[in-house]
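Counting begins at 1 with the first residue of the sequence.
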Amino acid sequence: RSLLADGGDRPLYAGRPTPHADDAAEELKQAVVAMERQILRELGFAAATLLEHPHKYVLQFVKSLKRSADWVLCELAQAAWNYLNDSTRTALCCEYQPHEIASA
């Protein structure tokens with residue numbers, strides 16, 4: 001179903017709470033939340049430690065560019081760090097090795 005008002009750009013429920021879903025949808029939502037909690041308990045809430053982060057490689061790569069000015073290296077490192085932070089919200093870490101993500 002469309003969440004946009006008929007013929008308009010404004011969302012149908014803008015400024016108002018979304019109407020209550022039916023009971024089956026609410027039960028499914030609660031089941032998903034319960035399963036997520038169970039997975040986190042099994043992992044010991046250490047999901048972040050299961051993956052190696054590419055951030056450490058970026059600093060190594062930037063330090064290897066010794067012929068550039070310091071301010072250029074700082075700007076490059078900051079931009080690369082920002083891109084890596086954004087990449088953590090994607091599935092890249094499941095598709096590529098950390099050093100590949102850092103070098104990209």
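The hydrophobic cluster containing L76 also includes V62, L65, L73, under a criterion of side-chain heavy atoms closer than 4.5 Å among ILVMFWY residues, counted directly or through chains of members. Through direct or indirect side-chain contacts shorter than 4.5 Å among Ile, Leu, Val, Met, Phe, Trp and Tyr, V72 is connected to W71. Applying the under-4.5 Å side-chain rule to Ile, Leu, Val, Met, Phe, Trp and Tyr, the cluster around Y57 extends to F61.
Closest non-hydrogen pair, P54 versus A102, comes out as O-CB, 3.5 Å.
Contacts of D86 classified as side-chain hydrogen bond (donor to acceptor under 3.5 Å, both in side chains), with partners at least two apart in sequence or in another chain: none. For S64, there are no side chain to side chain contact (heavy atoms under 4.5 Å, CB included) partners, not counting sequence neighbours. With sequence neighbours left out, the side-chain hydrogen bond (donor to acceptor under 3.5 Å, both in side chains) criterion links Q38 to R41, E42. Residues forming a salt bridge (Lys or Arg N to Asp or Glu O under 4.0 Å) with K56 (at least two apart in sequence, or on another chain): E52.
Under the 4.5 Å side-chain heavy-atom criterion for grouping Ile, Leu, Val, Met, Phe, Trp and Tyr, L59 is connected to L84 within one hydrophobic cluster.
Listed by first and then second residue, the side chain to side chain donor-acceptor pair (under 3.5 Å) pairs that reach into residues 73-82 are Q78-N82, sequence neighbours excluded. Sorted pairs that involve residues 92-104 and meet side chain to side chain donor-acceptor pair (under 3.5 Å), not counting sequence neighbours, are lacking altogether.
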